[in-house]
There are 2 protein chains.
Amino acid sequence: MKFEAVTIKDIARELGISTSTVSRALRDSYEISAETKRIVLECAEKLHYTPNPIALSLKEKRSRSIAVVVCEIANSFFSQVINGIESIAYNKGYNVIISQSHESFEREVTDLQFLASRSIDGLIISVSSETENMEHLKKLFYKGLPIVFFDRVSEEMDTHLVMVDNFNSAYKATVHLIENGYKTIACLTNSAHLSITKERIAGYKKAIEDSGELVNEDLIKYCNHGGVHADETEKAMNELINLEKRPDAIIGLSDKLTTGALRFLQKQGISIPKEMGLIGFSNGEFTEFLNPSLSIIRQPAFKMGQTAIELLLAVIESKRPVQEFTRCVLETELIVRDSTSRNK
Amino acid sequence: MKFEAVTIKDIARELGISTSTVSRALRDSYEISAETKRIVLECAEKLHYTPNPIALSLKEKRSRSIAVVVCEIANSFFSQVINGIESIAYNKGYNVIISQSHESFEREVTDLQFLASRSIDGLIISVSSETENMEHLKKLFYKGLPIVFFDRVSEEMDTHLVMVDNFNSAYKATVHLIENGYKTIACLTNSAHLSITKERIAGYKKAIEDSGELVNEDLIKYCNHGGVHADETEKAMNELINLEKRPDAIIGLSDKLTTGALRFLQKQGISIPKEMGLIGFSNGEFTEFLNPSLSIIRQPAFKMGQTAIELLLAVIESKRPVQEFTRCVLETELIVRDSTSRNK
DNA sequence: TTGTACGCGTTATCAC
DNA sequence: GTGATAACGCGTACAA
């Protein structure tokens, strides 16, 4: 059941030399004669020697693995981010360990505890929608674990952040709805305490106000689990369509919520974009082919992942403590399609 | 930059006792007095002691981590399988390390080499579309690494396999097209050497033959990278629609190919299902809301993941060498929607 | 009941 | 140019 691990000792015994010589020869040390190196290398080849990374980790106090915690990998945005992370991590010889919180704070805490106990060298995280208290992360951070936040960030620690221009993205999308003649724009969003929620809601409100209207809080529905459970979105949507003044457009402030709204409207037979306009954040691959094709705000997910891992590795591999942290804000793309063209 | 790792040594020093006493006290050994245990536990708590898993791994020769290799995680089928794997692995205290081959044989080999060198305890894999030669896997397998294949399996090793009834699934889907009046049914599929391709193609052919028709090989297009590059699918589709006898239906034998075909037909303005019927394997979440809604063959992906990890952990944790291996075949679900109802 | 010594695989630091 | 030894953190056989 186990690898019959060939070690440096086996080579040493086979060749009748010491382990230190073997070690040095394998590492191509200058103090070893060319001849000895040749023999050792040959023997290592023959025995299929592979160094044991665990022994190395024990010595070096690093595992060359980093953890990524997201709420859900079966979500295009996050899987694209992970692709970005992975594309760079593997080239640099790091393992990526992926963990899902499923939007549960409890799960996030236990996962993190587990990961930390497995000696990860660093962490990239987008916190769960339930996460308000950051103590679990602070504890790790002040113990010396390098952390990079992305998407749903926390400003409570002095570290790197990678996000998009949430305010502007929501602003642009809302303005787009207004310009297309929608009057009563409702908003489906995540937990109120999340960074992305605050910023996006602020953008939405600003756009409403700039158009000379008053913000109606009844039109803002908070889904505390980001729509991972369909009934959450359904409940919110039901409340919206039963309002005295029924909204004529919806903006979904995250992937699951946007598609959840679409799903709901389709089931109810409410026509998009005639009866109800729909736009939202989404990195889904098929928004273009949905019925109707969906207007979206697309985040540069792959790029976000790359940025996050680059920042993290820089911290991990830095000799001296890192003092300067960046707050990296990327641009989103507004893609206009049929779901918001009222006159179609 | 490092965890200031508290070790049992620190506790021993603090308490003026030996490390072995500490070790035993922490493991609640019967030979330690209740009083000593209390003191040690208290001190461990105070110092925020956490055991070093790397040292443990070195001793126990196991890392409590398993690797999953798939072609792409940004693919609903695979992310659902991974969810299934992860749901059980974490409960049992195993880390899941995910690696993507991106349908490249070379990448698969280097990834695997890397993973093996990091001392994984087991492997769950769906091979890349380029993988014909299994030597890299055999080498690891005969070295003692427990392996479970799923989806794209290899029968060259005596180990657990988890798959769906590919033959029947393709057969049912093809029959469905025939029954709906489609006459010339083309087939978009993966590399010819993959297990899933062989079985699915066989089911497709059988259905054609059972209907009294002859199989036309020109109607079968092999995409050697499973459609990860859009141009691959486009090329195949172009060839199909330019055939002298243009097919009136397409069956996609994998997720990317099915949605790729849809994308192509939409762009070309070929109407589905009138001009061209479309059905295929897909675990996408929005096939229902595509335009037109897509008839699909859905695999029990989550269940497949769970099955695979359960089989793998059984092997890993078995005391004696496992001799009996299962060939687990699950059923798929045929979901009929608009893309195959010719008279709509 | 507790302590000593060793081994897991590797490398760095001495000594020869 | 090469060998012996200690150290990384932990568990355990053996000694006391």
Side-chain angles (χ1 to χ4, degrees), chain A residues 1-41 43-44 47-64 93 116-121 143-144, chain B residues 1-41 43-44 47-64 93 116-121 143-144:
Chain A
M1 291 308 82
K2 295 273 161 59
F3 280 84
E4 30 159 75
V6 175
T7 76
I8 221 169
K9 264 187 191 161
D10 298 317
I11 301 180
R13 192 179 324 112
E14 177 88 5
L15 260 36
I17 59 180
S18 81
T19 57
S20 34
T21 304
V22 175
S23 170
R24 274 182 287 223
L26 290 172
R27 320 198 74 234
D28 202 24
S29 161
Y30 66 96
E31 26 186 18
I32 299 292
S33 73
E35 178 58 9
T36 311
K37 280 182 189 168
R38 202 185 52 73
I39 298 179
V40 170
L41 253 25
C43 183
L47 296 176
H48 300 109
Y49 167 80
T50 43
N52 180 329
I54 299 207
L56 259 169
S57 294
L58 183 58
K59 262 201 98 62
E60 294 182 0
K61 295 179 186 293
R62 59 179 348 212
S63 59
R64 284 197 159 274
S117 83
R118 315 269 336 180
S119 323
I120 50 170
D121 293 344
K143 253 187 164 180
Chain B
M1 292 308 79
K2 296 273 161 60
F3 280 85
E4 29 159 74
V6 175
T7 75
I8 53 176
K9 257 186 196 164
D10 299 316
I11 301 180
R13 194 180 323 114
E14 177 89 6
L15 262 36
I17 58 179
S18 82
T19 57
S20 43
T21 305
V22 175
S23 169
R24 274 182 285 226
L26 290 171
R27 320 199 75 235
D28 201 24
S29 160
Y30 65 96
E31 24 185 19
I32 300 292
S33 73
E35 177 59 7
T36 311
K37 279 182 190 169
R38 202 184 54 72
I39 299 179
V40 170
L41 252 24
C43 183
L47 266 40
H48 299 110
Y49 167 81
T50 43
N52 180 330
I54 298 204
L56 258 169
S57 294
L58 185 57
K59 257 201 101 62
E60 294 182 358
K61 294 176 185 294
R62 61 181 342 215
S63 57
R64 286 192 96 72
S117 83
R118 314 269 335 179
S119 323
I120 51 169
D121 292 345
K143 254 187 164 180

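Chain naming here is simple, since letters A, B, ... match the order of the sequence lines and numbering starts at 1 in each. The structure displayed is predicted, hence computed values, not measured ones.
In the set C:dT13, C:dT4, C:dG9, C:dG9 carries the atom at the smallest distance from any side-chain atom of B:L58. With D:dC10, C:dG3, C:dT11 as the candidates, the nucleotide lying closest to the side chain of B:T21 is C:dG3. Of the listed nucleotides (C:dG9, C:dA12, C:dT2), C:dG9 has the atom at the smallest distance from the side chain of A:N52.
Within a heavy-atom distance below 4.0 Å of DNA chain C, the residues of residues 28-38 of chain B found are B:E31, B:I32, B:S33, B:T36.
For B:R27 and D:dA13, the CZ to P distance is 11 Å, given to the nearest whole Å. Atom-to-atom, CD1 of A:I8 to P of C:dC8 comes out at 14 Å; the value is rounded to the nearest Å. One atom, CG of A:L56, and another, P of D:dA7, lie 19 Å apart when rounded to the nearest Å. Between the C1' atom of C:dG9 and the NZ atom of B:K61 lies a distance of 8 Å, rounded to the nearest Å.
With hydrogens and angles ignored, no donor-acceptor pair closer than 3.5 Å exists between the side chain of B:S18 and the base of C:dT2. You'll find a donor-acceptor pair under 3.5 Å spanning the side chain of A:K59 and the base of D:dA7, going by distance alone.
A:K9 has no side-chain polar atom (N or O) that falls below the 4.0 Å cut-off from OP1 or OP2 of C:dG7. Using a 4.0 Å cut-off, some side-chain N or O of B:S23 falls inside it from OP1 or OP2 of D:dG11.
The shortest non-hydrogen separation linking B:T36 to B:S33 is OG1-OG, 2.6 Å. Residue A:A25 comes nearest to A:L41 through the heavy atom pair O-CD1, 4.5 Å, listed as atom of the first residue, atom of the second, then distance. In terms of heavy-atom proximity, B:D121 sits nearest to B:S63 at OD1-N, 2.9 Å.
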